[in-house]
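Working notes, beginning with the structure itself.
These numbers come from the heavy atoms of this one structure, side chains and all, not from hydrogens, waters or symmetry mates. Below, read A as the first sequence line, B as the second, and so on, with proteins coming before strands; counting in each chain starts at 1.
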2 protein chains.
Amino acid sequence: MPDYTPPAPKSERILNAAEELFALHGFDGVTLRGIATAAGVDVALLNYHFGVKKKLFEVVFMRRAEILNEARLNALLEAEASSGGRPSLEQIVSAFLRPIQRFQLTGDEGWRNYLALVGWVNSSSVWGEEMMHKSFDPLVARFIEALKKNMPDADPQRIYWAYQFFSGALTLTLAQTGRIGRLSDGLCRESDVETVYDLMIPFVVAGFRKLCMEHPEGGA
Amino acid sequence: MPDYTPPAPKSERILNAAEELFALHGFDGVTLRGIATAAGVDVALLNYHFGVKKKLFEVVFMRRAEILNEARLNALLEAEASSGGRPSLEQIVSAFLRPIQRFQLTGDEGWRNYLALVGWVNSSSVWGEEMMHKSFDPLVARFIEALKKNMPDADPQRIYWAYQFFSGALTLTLAQTGRIGRLSDGLCRESDVETVYDLMIPFVVAGFRKLCMEHPEGGA
DNA sequence: GATAATTTTCAACACTTGTTGAATTCATCA
DNA sequence: TGATGAATTCAACAAGTGTTGAAAATTATC
């Protein structure tokens, strides 16, 4: 047989199909047969490679989490290095967001699906908690540390709450619900990745400033 | 039989149980039998009263939407009246949030469940769009109108995006994932309804100001 | 108190679900 | 080539799914 680009191994095709479907319909809205059909493989293969359904979901979720975490950490470290250990608020928030934007801009559909999935999990009450905690919270804690260092006089509670609002703004955008497009009658497109972070960063930074820097610790 | 407070009619018990379970597990994560058991009724009764499963979900979702919409609209009208038709940004954002807070503060578990459900639907890609559009977007459009009037020089696109971030921050908090509590090691509690909106309002207002008032129309 | 209408239960349907064990194909290498 | 182990398919399972029609119980109406 002449050399040709071999098709992705079936285990990978399963993960890609699962990624897309889970992002679209959530855990319970997807059937193993649906994934198998989308991947063009037999149902039993899912169990052979990944065990039970929940385990498959975890593998999908973890697959890109480490890559994203590493990219974010590097961005933060670089911001710290280039600022003599005193990164600005903009730099910290950017280090959290720009890697996401970079992955989205590659045009890789897998990343788009995955990030929508993260948005879904983050808003999911029962499911999300443990999975987000295991895969993202260590890095988030590192970012919050940087925020605390940047605003040493701020009430820590306010920093956490501001991060919560920040996380919500990001999460909804990742989820790709299409609602803002409909609401703005096409004026805003969630797929417009080039501009959304240029807007999200100043929005969030202003919120942090207002909440954490205009009240000394202990203030109401 | 002596007079006593009669139990809620079974159709209502069904709606309450469905509300709680849908909020917790989403549409596909809930079975009709699970709802029936929680409500203490037979499965067939769900179909008798509400038709197919999707219809039941819609009834649950719409039930309190109108009440919330009316409360929000009244709050906005009052803010407009008390300011001579020129409500401040704080007043507009507060009119959007304070009614939610008021319902949460009643301690009515039904409202807490319902609002978590709204958070879930708003982040749900396939499901959410149409339902949010039908039940909430008319009122949201009214609020955006007020925002445009408050910031007549702002690029409308920026107003919509700022609303998107605003909506995300609110949505994640409504979803009651418990994540911020875990992340802050108990310092922040999502159930602390008294303070969360006191923080969300200035955060969001600052974001709106930064995004919409520091750039004249047409600015990048 | 008989009749009609509504509400609730019972039992079951056709179908889909996740999962599994045995059989089959494929690749690797002595 | 033949043997070994992994990858893949086949067929089927037991359990659970939404949904329904007919019977029974309850409530309303005259």
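Summarising the geometry, the separation between CZ on A:F50 and C1' on C:dT20 is reported as 18 Å, rounded to the nearest angstrom. Look at CG on B:D42: it is 14 Å from P on D:dT26, rounded to the nearest Å. Atom-to-atom, CG of B:L32 to P of C:dA12 comes out at 20 Å; the value is rounded to the nearest Å. Nucleotide D:dG18 holds its P atom 18 Å from the NZ atom of B:K55, rounded to whole Å. Summarising the geometry, the separation between CG on A:L56 and C1' on C:dT19 is reported as 13 Å, rounded to the nearest angstrom. Rounded to an integer number of Å, the gap from CZ of A:R13 to P of D:dA7 is 15 Å. Rounded to whole Å, the distance from CD1 on A:I35 to C1' on C:dG18 is 11 Å. In this structure, A:L46 places its CG atom 13 Å from P of C:dT17, rounding to the nearest Å.
Ring centroid separation for the pair B:F96 and B:F166 comes in under the 6.0 Å cut-off.
Between B:H49 and the phosphate of C:dT6, there is no side-chain N or O to OP1/OP2 separation shorter than 4.0 Å. The phosphate of D:dA7 has OP1 or OP2 within less than 4.0 Å of a side-chain N or O from A:Y48. Look at B:K10 and you'll find a side-chain N or O under 4.0 angstrom from OP1 or OP2 of C:dT9.
A:V43 comes within 4.0 angstrom of a nucleotide base, judged by non-hydrogen atoms across all strands.
Ring geometry, B:W111 versus B:F103: the interplanar angle falls under 30°, so the pair is classed parallel (tilted spans 30 to 60°).
For CD of B:E90, the number of neighbouring non-hydrogen atoms (other residues, nucleotides, ligands) closer than 6.0 Å is greater than 12.
Taking the side chain of A:L45 as heavy atoms from C-beta on, and the options D:dT19, C:dT9, D:dT8, the nearest nucleotide is D:dT8. Closest approach to the B:K53 side chain among C:dC10, D:dG18, C:dT17 is made by D:dG18 (side chain taken as heavy atoms from C-beta onward).
Among all heavy-atom pairs drawn from B:P202 and A:L211, the shortest one is CG-CD1, 3.8 Å.
Side-chain N/O atoms of B:Y160 and B:K148 include a donor and acceptor closer than 3.5 Å.
Heavy-atom nearest nucleotides on DNA chain D were determined for A:G40 and for B:A44, and the one closer to the 5' end corresponds to A:G40.
You won't find any donor-acceptor pair under 3.5 Å spanning the side chain of B:R33 and the base of D:dG16, going by distance alone.
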